[in-house]
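First up is the structure itself, then whatever we jot down about it.
Residue numbers run from 1 in the order of the sequence given.
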Amino acid sequence: MKRFDGKTALITGGARGQGRSHALRLAREGADVAILDIAAQVDSVAYPTSTLDDLKSTERELREFGGRVQAIQCDVRDQAAVESAVAGVEQEFGGIDIVLANAGVMASYGAKKHEMAAWDDSVAIMLNGVYYTLRAVTPGLIERNRGGAIVITGSTSSFIGVAYKEEMLNPGQMGYGAAKSGVLSLMRNFAMVLGQHGVRVNTVIPAGVATTMIKNEFFEADLAGDAPGGWMANVMGHGPVEPEEITNAVTWLCSDESRFVTGQSLAVDMGTMLL
Ligand SMILES: NC(=O)c1ccc[n+]([C@@H]2O[C@H](COP(=O)([O-])OP(=O)(O)OC[C@H]3O[C@@H](n4cnc5c(N)ncnc54)[C@H](O)[C@@H]3O)[C@@H](O)[C@H]2O)c1
């Protein structure tokens, strides 16, 4: 018996990076998995967001575990698209047990960071998109009455400021922090209501993770390049971690081992927020 046998999971931003890692782990441990991803460029973002090839190749990898798989091109900024994707997954899989609201962008650096579109996209994807996802899955979770787990991906920016120079007060950076802070409120309120139905809602709080979001020339040049010593340092003196490290925490939050954990933020940050 695998840990997630008989469970179904829906993961936004699942084409690559942390979302892909979470999807693969859940599938390996028995879950049927639906990944949603824009699989296209977000205009205000300097680095490449995922492609259709990313979505298709993750879908192929997921199929190797033998469970049911859906890979859906879906922009979480579009409420109707999120509702339709959720309805399709519920219909095909018979319901959803695990929801990972993970899709995100970092529009904090690069040529368009000073445009208000960078704020709009950040908030639309990482705050509105999370709300649309939680709103869409809530009736099904309650009606199904089988419990469940939701994990929202926050960031150390949910709790601490990171701006070390005036130009970091740009719309992209501020939108990122505002959205990542805002999801804590969504987490607490959904946890209060859904807990009455056995559904737990938590946030995972990564520090640096070695994905395209920070492993790209723009981040290196624009942010990390002139950062003062100690910027985003952590007590363990470790650099960005692999996505699987975040997956370890996320899968625990989705499992019965955390059955009484709800309304919490689980930091996998090597002590970043202690400094
Ligand atoms: N990488 C880090 O250092 C770091 C640190 C803390 C938190 N996070 C958060 O972790 C989450 C996952 O990011 P990652 O590190 O895997 O980066 P990533 O860029 O590899 O993955 C993000 C995924 O989200 C998708 N996405 C973007 N906009 C979308 C939209 N509108 N609709 C649907 N999908 C969309 C992207 O296409 C991509 O596949 C994000 O919420 C991010 O903010 C990342």
Decide yes or no on side chain to side chain contact (heavy atoms under 4.5 Å, CB included) for Ile205 and Leu266, but give the supporting numbers first.
CA-CA 6 Å; Ile205 307 294; Leu266 176 54; over 6 Å; no
Quick check on the hydrophobic clustering: are Val76 and Met126 connected, directly or via other members, by side-chain heavy-atom contacts under 4.5 Å?
yes
Let me confirm one number: the CE-CG distance from Met187 to Leu194, rounded to the nearest 0.5 Å.
13.0 Å
Would a 4.5 Å heavy-atom cut-off, applied to side chains only, mark Leu62 and Ile35 as touching?
yes
Would you mind reporting whether Thr251 and His22 have side-chain heavy atoms less than 4.5 Å apart?
no
Exam field: side chain Asn102 to backbone Thr12, donor-acceptor pair closer than 3.5 Å
yes
Under 3.5 Å side-chain donor-acceptor pair for Asn216 and Tyr109:
yes
Lys7 versus Leu26: any side-chain heavy-atom pair under 4.5 Å?
no
Flag yes if Val130 and Leu10 sit in one hydrophobic cluster, no otherwise; membership is Ile, Leu, Val, Met, Phe, Trp, Tyr, and two members link when side-chain heavy atoms are under 4.5 Å apart.
yes
Heavy-atom pair with the smallest gap, counting every atom of Arg16 and Pro48
NH1-O, 2.9 Å
Keeping Ser158 on the side-chain end and Gly154 on the backbone end, is there a donor-acceptor pair under 3.5 Å?
no
For the CZ atom on Arg68, are there more than 12 heavy atoms of other groups (residues, nucleotides or ligands in this structure) within a distance under 6.0 Å?
yes
One pair to check against side chain to side chain contact (heavy atoms under 4.5 Å, CB included): Leu36 and Thr133. What are the steps and the verdict?
CA-CA 11 Å; Leu36 277 53; Thr133 304; over 6 Å; no
Salt bridge or not between Glu59 and Arg63? Use side-chain N to carboxylate O under 4.0 Å.
yes
Would a 4.5 Å heavy-atom cut-off, applied to side chains only, mark Leu127 and Leu186 as touching?
yes
Between OG1 of Thr203 and CD1 of Ile150, what distance do you get to the nearest 0.5 Å?
12.0 Å
Minimum-distance pair of heavy atoms, taken over all atoms of Phe93 and Thr8:
CB-CG2, 3.7 Å
Side-chain donor/acceptor of Gln41 to backbone N/O of Thr49, under 3.5 Å
yes
Report yes or no: is the cationic atom of Lys215 (NZ for Lys, CZ for Arg) closer than 6.0 Å to the six-membered ring centre of Phe219, at no more than 45° off its axis?
no
Only one of Leu134, Val99, Val204 passes side chain to side chain contact (heavy atoms under 4.5 Å, CB included) with Ile152, and that residue is Leu134
Using the rule that two of Ile, Leu, Val, Met, Phe, Trp, Tyr join whenever any of their side-chain heavy atoms come within less than 4.5 Å, decide whether Leu274 and Val268 are in one cluster.
yes
Let me see the working for Lys112 and Asp43 under salt bridge (Lys or Arg N to Asp or Glu O under 4.0 Å), right down to the final yes or no.
CA-CA 9 Å; Lys112 298 193 179 162; Asp43 284 343; 5.4 Å; no
Nearest 0.5 Å please: distance from the CE atom of Met213 over to the CZ atom of Phe218.
14.5 Å
State whether the side chain of Asn202 and the backbone N or O of Gln264 hold a donor-acceptor pair below 3.5 Å, judged by distance alone.
yes
Between Asn234 and His238, is there a donor-acceptor pair closer than 3.5 Å when you use the side chain of the first and the backbone of the second?
yes
Donor on one side chain, acceptor on other, Asp121 and Ser44, under 3.5 Å:
yes
Neighbour count above 12 (heavy atom, 6.0 Å) for Glu143 CD:
no
Please determine whether residues Val33 and Ile246 belong to a single hydrophobic cluster, defined as Ile, Leu, Val, Met, Phe, Trp and Tyr linked transitively by side-chain heavy-atom distances below 4.5 Å.
yes
Any Tyr176 side-chain heavy atom under 4.5 Å of Val123 side chain:
no
Counting only heavy atoms not in Met116, do more than 12 sit closer than 6.0 Å to its CE atom?
yes
Salt bridge between Arg146 and Asp97, side-chain N to carboxylate O under 4.0 Å?
yes
For the pair Phe65 and Glu29, evaluate side chain to side chain contact (heavy atoms under 4.5 Å, CB included) and give the outcome as yes or no after the intermediate values.
CA-CA 9 Å; Phe65 296 104; Glu29 299 207 30; over 6 Å; no
Atom pair CG (Asn145) and CD1 (Ile142), whose distance is rounded to the nearest 0.5 Å
9.5 Å
State the CD-CD distance between Glu83 and Gln79, to the nearest 0.5 angstrom.
4.5 Å
So, Ser21 versus Thr247: side-chain donor-acceptor pair below 3.5 Å or not?
yes
Nearest heavy-atom neighbours spanning Gly94 and Arg144
O-NE, 3.4 Å
Side chain to side chain contact (heavy atoms under 4.5 Å, CB included) between Phe159 and Ser265, worked out:
CA-CA 10 Å; Phe159 293 96; Ser265 292; 3.6 Å; yes
Does any donor atom in the side chain of Thr272 or Thr156 lie under 3.5 Å from an acceptor atom in the other side chain?
no
Looking only at heavy atoms, the pair that brings Arg25 and Glu244 closest together is NH2-O, 3.8 Å
Within the distance-only criterion (no hydrogens, no angle test), does the side chain of Asn170 pair as donor or acceptor with the backbone N or O of Met174 below 3.5 angstrom?
no
What's the shortest heavy-atom distance between Pro139 and Arg135, and which atoms?
CD-O, 3.3 Å
Under 4.5 Å between any side-chain heavy atoms of Ile98 and Leu100, yes or no?
yes
Single hit among Val105, Val42, Ile214 for side chain to side chain contact (heavy atoms under 4.5 Å, CB included) with Tyr47:
Val105
Less than 4.5 Å apart, any side-chain heavy atom of Asp37 and any of Gln73?
no
Val250, Val137: one ILVMFWY side-chain cluster at the under-4.5 Å cut-off?
no
Determine whether a donor-acceptor pair (N or O, by modelled atom type, separation under 3.5 Å) exists between the side chain of Asn128 and the backbone of Ile125.
no
Any salt bridge linking Arg20 with Glu61? Criterion: basic side-chain nitrogen under 4.0 Å from a carboxylate oxygen.
yes
Any side-chain donor paired with an acceptor under 3.5 Å for Asp78 and Tyr132?
no
Side-chain contact test, heavy atoms from C-beta onward, threshold under 4.5 Å: evaluate it for Gln18 versus Val209 and give yes or no.
yes
So, taking the atom named CD1 in Ile72 and the one named OG in Ser84, what distance separates them when rounded to the nearest 0.5 Å?
8.0 Å
Look at the side chain of Arg200 and the backbone N and O of Ser258, then say whether any donor-acceptor pair between them is shorter than 3.5 Å.
yes
Side chain of Asn189, backbone of Ser185: donor and acceptor closer than 3.5 Å?
yes
All heavy atoms of Gly110 vs all of Asp222, minimum pair found to be N-OD2, 2.9 Å
Lys113 and Glu167 ion-paired at < 4.0 Å
yes
Do the side chains of Arg77 and Asp120 get close enough for a salt bridge, i.e. N-O under 4.0 angstrom?
no
Look at the side chain of Thr58 and the backbone N and O of Ala15, then say whether any donor-acceptor pair between them is shorter than 3.5 Å.
yes
Lys/Arg-Asp/Glu bridge criterion (N-O < 4.0 Å) met for Arg3, Glu257:
yes
